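All values reported here derive from a predicted model rather than from experimental measurement. All residue numbers refer to positions in the sequence shown, counting from 1.
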Amino acid sequence: MSTPPSDVAAPPATSAPPVSITGRALPNGLAAFLVFFSSGAVLVLETVALRLVGPYVGVTLQVTSSVIGIALAAIAYGAWSGGWLADRRNPRSLLAPAMVLAGIATAVTLPVVRYAGEVLRGGAASGILLLVALAVFVPAALLAAVTPLVVKLQLADLRRTGQVVGRLSGIGTLGGITATFLTGFVLVAALRSTVIVLTLAVALGLVGIGLGWYLRRQEPTELPGPARAALAVLGLVGAGLTTVAPNPCDIETAYHCARVTSDPNRSTGRTLLLNSAQHSYVDLADPLHLEYAYTKWIGAVADVAAPTGQRLDALHLGGGGFTVPRYLTATRPGTDNVVFEIDGGLVELGERQLGVRTGPDLRAVVGDARMLVAGEPTDSRDLVVGDAFGHLVVPWHLATREMAAEVRRVTRPGGVYVQNVIDYPPLRFIRAELATVAAEFTHVALIAPPEALAEQQGSNFLIVGSDAPLPVDAVRARLQEVDPKVSLLVGAELTEFVGAALVLTDDYAPVDQLLATA
C-alpha cells in the first residue's frame, strides 16, 4: 500500500468550526452575579413549584420527586443548550434575551399552572408530571443556559480554563444553596406564592434589561426589531393572564393553600379546604354537630371512653378546624384539650374564621407532632386523637411503630388512641398501619364503611387502640346511633383483614407507595 506524499492536504473537516468569541470578557463581578442569580432563581422556582401545584395534585412524595426530577432535567437540557449556542453565536447577544425570556416564562407560570391545574387535578402520575413540567421546565431551562454562556465569555485564556469553570460552578452552587434556604425559611413563610413568583419574574426582567443596556454600551449589539416586539408581547400576555387566572387560595400559610367556605344549606356551617381538599367542617353555633363520618366515629369512641360528662385529658395530633376539641369541650366540660398543629397559620385562621377560642380548655402548640409528643409526660392523657395529614396522606414519621410507642407511653392505662387514616383499594396502607398500631397496643379495632372494607372505594378509616379491653359493645351501639351503616372489626375479623401486612418503622415506612392504587 502506497503512502500519500507529505505535501498532500488533509480533507476538510465535515463540521463547522465553533464561532469565535468577539469582544472582551465580562467583569468578574458581573459574571459571578449572573451565575449566582440565575442558579438561585432556579431553586426559588423549584421550591415554590410545590406550593403552586399542591392545590391540584397534593404534596406527596411523588409530587416532591417530580418537582426535583423535572427541575434537574430542565437544568441539564438548559445547560446543554446554552453550551451548544455559546459555541455557535456570540454569547454577549444571548445573555440579556435569556434573562428576559426567563422572567416572562416565570410570570406565565402562574396562569398556566392555575388553568392547567383545574384540568389535571388529582393524583395520576401523568397529570403530576405534566403539571410540574408546566410549572418549572421552561423558565428553569432558560436560567440554566446562562452559566455556560457566561463561562464561554470568560474563557479568554485557555491556561485558566479549570480555574474559571470551577469558580463559576462553585458560585452557581452557592446561589442555589442561598436561594433554597432563603425561600424555605423566609420567603414562603412571609409571602404568598404569587408574590414570590411575580417578584422573581420582575427581577429577572429588570436584570435582563439592565444587562442588555450595559452590554450595548460596551460593544453595540442590536437585538432584531421583531425579537424585541415578540418579547414585549409575551410580557404583556403573561401579565394579562396572571391578573385573570383563578386562585385556589384565600390564604397561604407556610404549609397550605387554605380556604374557608360557607355551607349553603347551613348558615353557620364552615368548611376548611387545604390544597383544595376538604379537611374540616365546623358549625359555628353548634359544636355538637359533626358533619363528616370519621368525626362522628371519633365522637362515638370518645362518648363511651369514660362515663358520660367526665372530663378528659385529651391530646390531638393535628388541629385542622379544631372540630373534635370543640366537641369534647361541649360534651365533657372541663376537658383539657392540647392540640399539636405544625401550621401556625391554621391556628390563626381557625381563630379568625372557625370559632376557635384558645384558653384553659384548649391550648394550641405549634410544631411537629412527632417532636412534641416526645416531650409529653408518661401516662398523661386519657384520649389521643391522631388526625394529622399532609394533603390526604398521614406523614410517614407519624405512621411508624416508634411513633405508636410514643403515643402508648403518653396514654394512661385504660386510655384510648384513635387514628384517622385515608386509604384506597387495594388498602395496603391501612392494613400496614393496623399492624403497626397492633404492635404496640394490646387491643385494636377498626371502624370503616363496609364498601371500603370490601375494597370497592376509598375512604376514611378509624383505628382504635388501647392497652385495656375496648368497650366494643358500647362503641358498636353508639356507632349505630350516629352512623348505622358503618362496620366495626375486632378479633378474628380484624386479624384476617390485616393479614401479613408489614409493620412500618422509622427505618422503612413507604407510606406514599402503599397508598398508590394498583
Side-chain angles (χ1 to χ4, degrees), residues 54-55 58-59 248-303 312 314-332 335-359 361-369 372 383-395 398 418-422 459-462 482-483:
V59 184
C249 310
D250 285 342
I251 298 168
E252 280 194 62
T253 69
Y255 292 89
H256 299 103
C257 163
R259 173 178 292 177
V260 175
T261 61
S262 298
D263 185 347
N265 301 315
R266 197 179 186 94
S267 62
T268 54
R270 300 290 184 271
T271 301
L272 172 66
L273 295 96
L274 302 179
N275 295 330
S276 297
Q278 295 185 11
H279 270 250
S280 299
Y281 184 100
V282 171
D283 189 317
L284 301 178
D286 183 9
L288 297 179
H289 178 75
L290 302 176
E291 180 74 13
Y292 297 148
Y294 83 90
T295 58
K296 295 177 181 178
W297 308 339
I298 295 174
V301 174
D303 289 343
L312 298 175
L315 176 62
H316 305 263
L317 312 180
F322 292 74
T323 305
V324 175
R326 295 175 75 243
Y327 178 82
L328 292 178
T329 298
T331 57
R332 298 178 178 276
T335 290
D336 176 35
N337 290 288
V338 176
V339 179
F340 293 162
E341 171 57 58
I342 195 170
D343 193 345
L346 284 188
V347 178
E348 297 174 3
L349 178 62
E351 293 174 337
R352 289 197 307 269
Q353 299 190 40
L354 298 176
V356 175
R357 299 290 181 267
T358 56
D361 59 352
L362 175 59
R363 289 173 290 139
V365 182
V366 176
D368 189 285
L372 294 173
L383 175 67
V384 179
V385 180
D387 193 19
F389 285 85
H391 193 54
L392 300 177
V393 180
V394 178
L398 303 184
V418 293
Q419 181 186 4
N420 179 29
V421 172
I422 297 175
S459 175
N460 291 85
F461 297 79
L462 190 70
V482 302
D483 191 358

Is there a side-chain contact between [X] and [Y], using heavy atoms and a 4.5 Å cut-off?
X	Y	result
V384	L317	yes
K296	I298	no
L362	T329	no
Y327	T295	no
V418	W297	no
V366	E341	no
V338	H316	no

If you look at every heavy atom in [X] and [Y], which pair is closest and at what distance?
X	Y	value
P287	A330	CG-CB, 3.8 Å
A258	L346	CB-CD2, 4.5 Å
V482	A300	CG2-CB, 4.2 Å
D483	A293	OD2-CB, 4.0 Å
V339	P325	CG2-CG, 3.9 Å

By side-chain contact (heavy atoms from CB on, under 4.5 Å), V260 pairs with (sequence neighbours left out) R270, L272, L349, Q353, L354
side-chain contact (heavy atoms from CB on, under 4.5 Å) partners for L372, two or more places apart: F340, V365
Can you pull out every salt bridge (Lys or Arg N to Asp or Glu O under 4.0 Å) where at least one residue sits in residues 314-327? Sequence neighbours excluded, please. none
Pairs involving residues 271-294, ordered by first then second residue, that meet salt bridge (Lys or Arg N to Asp or Glu O under 4.0 Å) (sequence neighbours left out): R266-D283
Return yes if some donor-acceptor pair links the side-chain N/O of [X] with the main-chain N/O of [Y] below 3.5 Å, else return no.
X	Y	answer
T323	Y281	yes
D263	N265	yes
S280	G321	yes
N420	L462	no

Can you name the one residue among N337, L328, L315, T335 that meets side-chain contact (heavy atoms from CB on, under 4.5 Å) with L383? L328
Counterpart residues, salt bridge (charged side-chain N to carboxylate O under 4.0 Å, His left out), relative to [X] (two or more places apart):
X	value
D303	R478
R259	D250
R363	D336
E252	R51

side-chain contact (heavy atoms from CB on, under 4.5 Å) assessment of V282 paired with F322: CA-CA 8 Å; V282 171; F322 292 74; over 6 Å; no
With rounding to the nearest 0.5 angstrom, report the CG to CD1 distance, L398 to I342. 8.5 Å
When you look at I422 and Y294, which way does the side-chain contact (heavy atoms from CB on, under 4.5 Å) test go after all the steps? CA-CA 10 Å; I422 297 175; Y294 83 90; over 6 Å; no
Sequence-distant partners of Q278, side chain to side chain donor-acceptor pair (under 3.5 Å), two or more places apart: Y292
Checking S459 now: which residues fulfil side chain to side chain donor-acceptor pair (under 3.5 Å) with it, not counting sequence neighbours? none
Please enumerate all residues that pass ring-ring contact (aromatic ring centres under 6.0 Å, His included) together with H279, with sequence neighbours excluded. none
Y255: ring-ring contact (aromatic ring centres under 6.0 Å, His included) partners, not counting sequence neighbours: none
